[in-house]
Amino acid sequence: MEPLALTTGRLVLRTVGPRDTDSVYAACQDPDIQRWTTIPSPYLPEHARGFTEQVVPDGWANGSMFTFGVFLPSGALAGMLGVTMVSPGVGEIGFWGAKEHRGHGYVTEGAVAVARWSFTDRAIDRLEWRAEVGNTASRAVARRAGFTMEGTLRSAINNNGIRRDCWIGSLLPSDLSLPSTSPYLPAP
């Protein structure tokens with residue numbers, strides 16, 4: 001699939017490429033991003049190049065991962081969002097916010113836009129969010145985006161070679177008043 005751009009009232013969500021390598025590298029120097037996400041730590045320039053020049057375009061090309069940079073109208077990188085396909089009809093969203101742009105709701109706004117796109121254009125019927133237990137900032141973004149917290153999964157994340165427990169939440173098309181591509185019969 002060819003990468004595309006989405007817009008919201010305050011943001012442009014578009015794929016990242018070589019022109020964004022320096023911005024991605026700079027943002028990923030934040031100790032919180034290195035601590036709470038599964039990016040390499042330390043995060044080196046070659047990691048940013050591999051991400052923007054290979055990982056992102058390959059994910060779009062083979063339909064396995066759809067990555068969007070969260071950009072302000074000024075062109076500043078405010079965060080990153082990605083949806084990784086985990087099974088037919090199920091995607092997992094991941095995100096981070098650039099330190100200097102946190103607290104403005106940009107990642108939440110972007111997550112809702114990407115969720116709507118996932119449900120309407122990618123035929124996803126369940127969008128999952130996972131974060132290591134203790135990552136309260138990520139959990140707050142997921143909640144504000146409408147995710148339902150479902151529980152804690154033991155040893156479900158491998159972060160730099162260490163197994164860790166994670167929180168899991170989900171968002172369904174019906175949570176955003178959208179139709180599903182498959183019928184859903186909730187438990188009684």
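Not measured: the values here are computed from a predicted model.
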What about Ile124 and Ile168, same hydrophobic cluster or not, with Ile/Leu/Val/Met/Phe/Trp/Tyr joined at side-chain heavy-atom distances under 4.5 Å? no
In this structure, CZ of Arg154 is separated from SG of Cys166 (nearest 0.5 Å) by 12.0 Å
Please report, to 0.1 Å, the donor-acceptor pairs under 3.5 Å made by any side chain of residues 58-65, with sequence neighbours excluded.
{"from": "Trp60", "atom 1": "NE1", "to": "Thr67", "atom 2": "O", "distance (Å)": "3.1"}
{"from": "Asn62", "atom 1": "OD1", "to": "Ser64", "atom 2": "N", "distance (Å)": "2.9"}
{"from": "Asn62", "atom 1": "OD1", "to": "Ser64", "atom 2": "OG", "distance (Å)": "2.5"}
{"from": "Asn62", "atom 1": "ND2", "to": "Asp58", "atom 2": "O", "distance (Å)": "3.3"}

Is the shortest side-chain heavy-atom distance between Tyr25 and Asp20 below 4.5 Å? no
Could you list who else is in Leu172's hydrophobic cluster, with ILVMFWY side chains joined at under 4.5 Å, directly or through other members? Tyr184
Please report the shortest heavy-atom distance between Leu13 and Val114, naming the atom on each side. CD1-CG2, 4.1 Å
Under the salt bridge (charged side-chain N to carboxylate O under 4.0 Å, His left out) definition, can you give me all pairs with a residue in residues 166-176, not counting sequence neighbours? none
Considering only heavy atoms from C-beta outward, does the side chain of Thr148 approach that of Leu171 to under 4.5 Å? no
Take Leu178 and Ser174, measure what side chain to side chain contact (heavy atoms under 4.5 Å, CB included) needs, and give me the verdict at the end. CA-CA 5 Å; Leu178 297 169; Ser174 58; over 6 Å; no
Can you list, pair by pair, the side-chain donor-acceptor contacts under 3.5 Å of residues 72-91, counting residues two or more places apart and other chains?
{"from": "Ser74", "atom 1": "OG", "to": "Ala76", "atom 2": "N", "distance (Å)": "3.3"}

So which pairs with a foot in residues 123-134 pass salt bridge (charged side-chain N to carboxylate O under 4.0 Å, His left out), sequence neighbours left out? Arg35-Glu132, Glu92-Arg130, Arg126-Glu128, Arg126-Glu150, Glu128-Arg130, Glu132-Arg164
pair Leu4-Phe68: side-chain heavy atoms closer than 4.5 Å: yes
Would you call Arg139 and Phe147 a side-chain contact if the rule is heavy atoms closer than 4.5 Å? no
Among residues two or more places apart or on two chains, list those pairs meeting salt bridge (charged side-chain N to carboxylate O under 4.0 Å, His left out) that have a residue in residues 64-87. none
side-chain hydrogen bond (donor to acceptor under 3.5 Å, both in side chains) involving Ser41 - partner list, sequence neighbours excluded: Gln34
For the atom pair CD1 (Ile33) and SG (Cys28), what is the distance rounded to the nearest 0.5 Å? 5.0 Å
Any link between Val55 and Leu44 through a network of hydrophobic side chains (Ile, Leu, Val, Met, Phe, Trp, Tyr) touching at under 4.5 Å? no
Show, in sequence, the C-alpha distance, side-chain angles and deciding distance for Tyr43 and Phe51, and conclude whether the side chain to side chain contact (heavy atoms under 4.5 Å, CB included) test is met. CA-CA 11 Å; Tyr43 195 80; Phe51 180 71; 4.0 Å; yes
Can you list the other members of the hydrophobic cluster that holds Trp36, where links are side-chain heavy atoms under 4.5 angstrom apart? none
Between Asp165 and Ser155, is there a donor-acceptor pair closer than 3.5 Å when you use the side chain of the first and the backbone of the second? yes
Does Asp22 come within less than 4.0 Å of Arg49, counting only side-chain N to carboxylate O? no
For Ile157, which fellow cluster members are found when Ile, Leu, Val, Met, Phe, Trp and Tyr are connected by side-chain heavy-atom distances below 4.5 angstrom, either directly or through intermediates? none
Arg143: partners by salt bridge (Lys or Arg N to Asp or Glu O under 4.0 Å), with sequence neighbours left out: none
Any Ser138 side-chain heavy atom under 4.5 Å of Trp129 side chain: yes
Hey, quick one: are Val112 and Phe66 part of the same hydrophobic cluster, counting side-chain heavy atoms closer than 4.5 Å, chains of contacts allowed? no
Report all side-chain donor-acceptor pairs from residues 93-102 shorter than 3.5 Å, counting only partners two or more places apart or in another chain.
{"from": "Arg102", "atom 1": "NE", "to": "Gly97", "atom 2": "O", "distance (Å)": "3.0"}
{"from": "Arg102", "atom 1": "NH1", "to": "Asp30", "atom 2": "OD2", "distance (Å)": "3.1"}
{"from": "Arg102", "atom 1": "NH2", "to": "Asp30", "atom 2": "OD2", "distance (Å)": "2.3"}
{"from": "Arg102", "atom 1": "NH2", "to": "Gly97", "atom 2": "O", "distance (Å)": "3.0"}

On a heavy-atom basis, which atom in Pro42 and which in His47 lie closest, and how many Å separate them? O-CE1, 3.5 Å
For residues 1-11, the side-chain hydrogen bond (donor to acceptor under 3.5 Å, both in side chains) pairs (sequence neighbours left out) are Thr8-Glu109, Arg10-Glu109
Test side chain to side chain contact (heavy atoms under 4.5 Å, CB included) applied to Leu127 and Phe119, step by step: CA-CA 8 Å; Leu127 194 56; Phe119 295 144; 4.0 Å; yes
